Each structure stands twice: as C-alpha cells, then as structure tokens.
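Everything on this sheet refers to the single structure shown next.
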Amino acid sequence: MFVTVFGAPWRRQLWSSTLLSLLLLAACGGNKDDEATADPAALPASRTEAAAFLAKATFGPTEADIDRVMALGYAGWIDEQLAMPGTSHRASWEAADAAIKAVDPNSGAGQDPVLYSFWKQAVSGNDQLRQRMAYALSQIMVISMVDGTVGDNPRAVAAWLDMLGDKGLGNYRELIQAVSLHPMMGVYLSHLRNQKADARTGRVPDENYAREVMQLFSIGLIELNPDGTPRTSAGQPIETYGPADIAGLARVFTGFSWACPGAPASGCFFNGSSNNASDPDRSFKPMIGYAQYHSTEVKTFLGTTIPAQSSADPQASLGAALDALHRHPNVGPFIGRQLIQRLVTSNPSPGYVRSVANAFADNGAGVRGDMKAVVKAVLLHPEARQSSDTAGKVREPVLRLSALLRAFNYRSDTGEYRIGNTDNPATSLGQTPMRAPSVFNFYRPGFVPPGSSAAAQGLAVPEMQIVHETSAAGYVNVMRDAIGSGVGATTNASGSSRRDLQPDFTAEIALADQPGELIDRIGGKLLYGAMPADLKSEIQGAVDRIVIPAPTSSNANQVAAARRNRVNAALFLTMVSPEFLVQK
C-alpha cells in the first residue's frame, strides 16, 4: 500500500494495519532480577544514552538537557532537578483569568488555561522531573475535568497539579493526606460532605473514597511481596481488604467538607458558606473536619482499630487511618511498580520493583515514604537503561506530542502554549491531561491487549487500552498536521494567522539535500540513535522522491518548499514508526 507523504509515496506494513499490530511489539519490560542500582556517579557513555534517559525522566530530551546530563551524570542531574522550585499552574491560570476579566468582567477562564499551563511547562519548563512526576501521579491518583463539578473548578485543578508536584516529591504520608483532603478529590469520589450513619433514616457513610484510596492510591487489591509478586494462600492470591474494611474506613472519611470562615456551622459543611461568608480559596484549600457529622463509632480496617470516640475527632481518625495505610507493606511495591510503568517500562522485573520498594521503605536514613528516594530508585536502576526486544513501553499520545515539541524547539507565538482539549481520537490525540474518563485513568496498569502476542506471554501493555483503529489513524493525521502546520489554536502573529506553536527546523532544512544525514539527525532526536537500517532506508527512499529543483532567479519559493517537504516527510515517517511509538 502506497501513501503520499508531503509529496512523496511511501510504503510500509504499518499502514495496512494502522499501527495496531506493530505496536504490540512494545513495552514488555525486562527479565532480569537485578536489585542493584546503577553507579550514582556514572556519566552517560554517549549523548544518545543521555537522551534515552531523559525520555523517561522528562517530557522529552532537548540538546540543553543532554548537555546537562553529560556534565552532571544521571544522579547529579536528578539532584539538580529535585532542588528546583516548582512552577505554579494555579498562578498561570489566575493570570489568564485576570487577563480575560480585564476585557470582559463578566467572563473568566475555563479549562483551557489549565491545559495551556500544562503544555507550557511540559514543553519549555525547567523543572522537568517535578512536572513529569506530577503527570505520572495524576494518572495514579486521578481527578478529572470530565466530571462536571471538577471541570467547573479549573483553578482548583491547576492547584491539584501544583500539589502533586510538591507532595509528589515529598513524603508519601503527606501526599496521601493532601490527596484525601483536597476538595476536588472530595467532590470526585464523593467524600466531601460525607456524613456519619443515621439509624433513624438508614443512612450509612459513603464508601466510595474508602474503597478507592485502598484499591488505587495505596495498597491495591492483592497482598504483595516486596518484589511486587502476589502473596498466596493455598495457591490463591490473598485479598488486601474486604467489605468490613471498606465500611470501617468509610467512617473515618465522614465529617469533612469545605474550608470556611464560619466553620463548624452547618451552612459551611453543606454549602461552604455561612452568613454569606465563604473562603474564596475553598475549592483547593484542604477540607476541614466538622465534628457533628463525623462518626464516633469504632472504626476497624486493615488490622487497625480506632476506638469509639466519646467526642468526635475527625482529624485524629484521619491521622490514624492514613498512618495505617502509609505503614502497609503493599504501598512500596504497589505505587513503585506503577511509577516504573509510567516512566520506564510496562513489565518491570521483580528485582526492579523490589529495589524501588526498598527505597520507599527506607531512604537510607531510616525514613519511610521518601518520594525523592523512590524516583531516584526508579530512574537509576540498571533495568531503566536496559535495551532489548521486550524492554520499554508504548508512548501515550501526550508523551508522543511532547517529545516532538521539545526535540524541535516548538515555541508559542502568544507565549501561552495554546493546546487545549485533545480528547477526540479521530481528530486529535485521544487523550487530554487531567481529563481521564474515570478514576481508573485512561488505561489500567495491568491491561493486556486481548488476542495479542503480549497476552500469550502474560504481559501488560497499559497504553494499548486507548489504541484502536480510529485513534491510530487519527494520530497519523494529527502528526502530519503538527509537523506541516504547527500545533495548537490558531492565533494571529505578526499579521499572519497560524497555529500557536511553531517548530524550528533550521538545522534540518540545512541538511535537506543530504537525506542520510537529515534522517540520522531526526533519528538521533527521536529514536536516540537506535533507528534500524531498514527504517532509515525506507524513509530515505521517500525523501529522495521529493525533488529539490535547481535554484534559479525565480524559483526560490519552490526550492524552499521542497527542502521543507523533505524535512516534513522524514520527521513524519519517524514519528509514526513503531520504533518511535515504543519508548526503549
């Protein structure tokens, strides 16, 4: 099957399968049981090795970041990143809202400025590791603007991202408390305004958050060994909790509601205001406890018992419950494995998971839950740099686009990085940050594509859960448009109308009459020196068919267009190749 690409025909099997079958070569993880971490003082052996590391630790390598890793080494670069202050998404949203209100006081910012801020930091931000970690955690501890109430509070969603960037590199105990008390999580999983039982009416506490904080945010469904393998009894996995544990923990999450100057008035609990007074920041300030709505009954869960209270104390109950979750031996392997999946590889070996879980259990100074130690263990383990036919992961659509934008220095005409909703799989990415379809994220960490070779081997390929005929074809079209016309909302710049984000292809255009060198440069930026010879040959065949006319006094525009088309074609064919779609 021949396809015309920027003026040249090209043939490859991926087109007849719309990428689906080839993607199933992806992200199956390593098979070594190596607990050791890499030499923390190690320097990369090459720039391509540094770029491959940065593909896991950032939203995509840039030449400047590669220089820094080459100078500092892996651990030195991580330490420098961890010391950087975070960039505030909420401040960006507030600035956008103020600018809109200055023009129209009756208007205001919606969800788009949250997304603009996300993309601005992903593409041009310096605190790459913090932002990358926050994005990974946003897919483990999920709130979503698809939910009407959450979507109507975009300032609070921006603040949620800031919280993940801050607490996600702090201590897990602080993180799980911040998650549990954030009003948007309270809205999303319905424990804001959750009330104690009432025998007269038959009311019982809402169990939604109690279930999900265990299932998704801390310990998971099955008891785990430190290496992430299931613990068993009589050959069967042991469940971590049951209905009684959910019911007991649900009593803990009663009596929490909005921060409010009139608290503990009932109006504050139900509406966030009393006597017409409310906190303007209530949508992101931690929820507070209202004793009159908190259960005083005994609370038993996960082997922990909080005795009946003569006087309701919601904060004491919460502290005891979160301490119990933090101590649970499952947290290290359960959360650690998912962070490995989001950053490095879909199927990490037991030794890899054990190494990360050990860092969670003790950071080397006797501290449990140190997330900086965890992320270092994830990125510095030898398996994180292992290259094999089964190592790696499928790049999710957001990370495919961010890699392109960073590699080729896309910059925003407006300075706002105006990439908005990208939900539509036919015409856009089929994925928008902070807009997962449910609390279970865009895909499950254990998703196995049915009928695939991965399924035959019992291997997970999580990102394949959102890959289908429509999304595969849509991605191809979106990439062609992004390379040829730019990315984001159309905006007026210098008197012309074009997409807000535009690339800098100066160096690539200079190589247009040297196709081999052009393809090597693009392959170095996107495949980190691992472009197979057959892929290079196929791309070069397509590029060669784009004829650059001999320059004359009257055809400068045609020559420039042909040179740009060669760059576009080489870049596009690399971006849609399985070799790019699978991060190694």
Side-chain angles (χ1 to χ4, degrees), residues 2-12 14-15 46-52 54-55 60-67 123 395 400-411 475-487 499 501-552 555-584:
F2 284 94
V3 179
T4 299
V5 180
F6 296 106
W10 186 66
R11 181 177 184 172
R12 202 168 193 227
L14 69 87
W15 292 93
S46 65
R47 293 182 68 81
T48 55
E49 187 180 288
L54 288 165
T62 66
E63 293 298 326
D65 284 336
I66 294 170
D67 289 341
V123 177
R395 294 183 201 254
R400 297 175 204 168
L401 180 58
S402 69
L404 170 70
L405 301 181
R406 284 178 59 78
F408 295 95
N409 197 30
Y410 278 70
R411 286 294 179 262
Y475 170 73
V476 169
N477 292 329
V478 167
M479 285 303 103
R480 178 169 172 159
D481 192 37
I483 293 164
S485 302
V487 177
R499 298 291 181 86
L501 276 74
Q502 295 293 324
D504 179 1
F505 290 151
T506 304
E508 289 71 34
I509 289 171
L511 295 173
D513 55 359
Q514 303 170 63
E517 293 186 26
L518 169 64
I519 295 164
D520 285 343
R521 178 175 175 81
I522 290 172
K525 285 178 170 287
L526 296 175
L527 303 183
Y528 321 126
M531 179 177 285
D534 62 342
L535 175 60
K536 179 178 178 180
S537 177
E538 292 183 49
I539 295 176
Q540 185 161 343
V543 172
D544 285 340
R545 294 185 186 97
I546 301 174
V547 177
I548 302 176
T552 69
N555 72 346
N557 289 340
Q558 291 90 332
V559 171
R563 296 180 73 88
R564 174 64 187 266
N565 278 341
R566 280 193 165 194
V567 172
N568 290 352
L571 178 52
F572 170 77
L573 295 175
T574 303
M575 286 292 297
V576 301
S577 69
E579 290 82 359
F580 171 74
L581 295 174
V582 179
Q583 172 190 291
K584 291 292 189 180

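Fair warning: this is a prediction, and the values are worked out from it, not measured in the lab.
Note: Leu401 CG to Leu501 CG = 8.5 Å, rounded to the nearest 0.5 Å. Atoms CD and CG, on Glu517 and Leu511 in that order, are 6.0 Å from each other to the nearest 0.5 Å. To the nearest 0.5 angstrom, Phe505 atom CZ is 6.5 Å from Ile483 atom CD1. Note that CG of Leu527 and CD1 of Ile519 are 11.5 Å apart. Values are rounded to the nearest 0.5 Å. Expressed to the nearest 0.5 Å, how far CE of Met575 lies from CD1 of Ile522 amounts to 11.0 Å. Of the inter-residue distances, the one linking Ile539 atom CD1 with Ser577 atom OG reads 6.0 Å to the nearest 0.5 angstrom.
Under the 4.5 Å side-chain criterion, counting only non-hydrogen atoms from C-beta, Thr62 is not in contact with Ile66. Residues Glu508 and Leu571 have side chains not in contact (no heavy-atom distance under 4.5 Å, counting atoms from C-beta outward). At a threshold of 4.5 Å between non-hydrogen side-chain atoms, the residues Met531 and Thr574 count as touching. When side chains are defined from C-beta on, Val582 does not count as touching Arg395, because their heavy atoms never get closer than 4.5 Å.
Both tests pass for Arg400 against the ring of Tyr475: distance under 6.0 Å to the centre and angle within 45° of the axis.
Across every non-hydrogen atom of Phe572 and Met479, the tightest pair is CD1-C, 4.1 Å. Taking each heavy atom of Gln540 and Gly516 in turn, the nearest pair found is OE1-CA, 3.7 Å. Between Val559 and Pro549, the shortest heavy-atom contact is CG2-O, 3.5 Å. Closest approach of Ala562 and Ile546 over heavy atoms only: O-CG2, 3.8 Å. What you find for Gly484 and Asn568 is that their closest heavy atoms are CA-ND2, 4.1 Å.
One finds no salt bridge joining Arg566 and Asp513 here, because no Lys/Arg side-chain nitrogen approaches an Asp/Glu carboxylate oxygen to under 4.0 Å.
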Open item on the list: Apply salt bridge (Lys or Arg N to Asp or Glu O under 4.0 Å) to residues Glu579 and Lys584 and explain how you reach the verdict.
Closed with: CA-CA 9 Å; Glu579 290 82 359; Lys584 291 292 189 180; over 6 Å; no
When the side chains of residues 402-411 are checked against the rest of the protein, which donor-acceptor pairs come out under 3.5 Å, sequence neighbours left out?
residue, atom, partner, partner atom, Å
Ser402, OG, Phe59, O, 2.8
Ser402, OG, Val398, O, 3.4
Ser402, OG, Leu399, O, 3.2
Arg406, NE, Gly60, O, 2.5
Arg406, NH1, Val123, O, 2.9
Arg406, NH2, Gly60, O, 3.3
Arg406, NH2, Asp65, OD2, 2.5
Asn409, OD1, Arg411, NH1, 3.4
Asn409, OD1, Arg411, NH2, 3.1
Tyr410, OH, Ala482, O, 3.0

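When Lys525, Lys536, Gln514 are each tested for a side-chain hydrogen bond (donor to acceptor under 3.5 Å, both in side chains) with Asp520, only one passes: Lys536.
Remark: the backbone N or O of Val476 is not paired with any side-chain donor or acceptor of Arg480 at under 3.5 angstrom. Within the 3.5 Å criterion, the main-chain N or O of Thr552 finds a donor-acceptor partner in the side chain of Asn555. In this structure, the side chain of Gln502 engages the main chain of Arg499 through a donor-acceptor pair within 3.5 Å.
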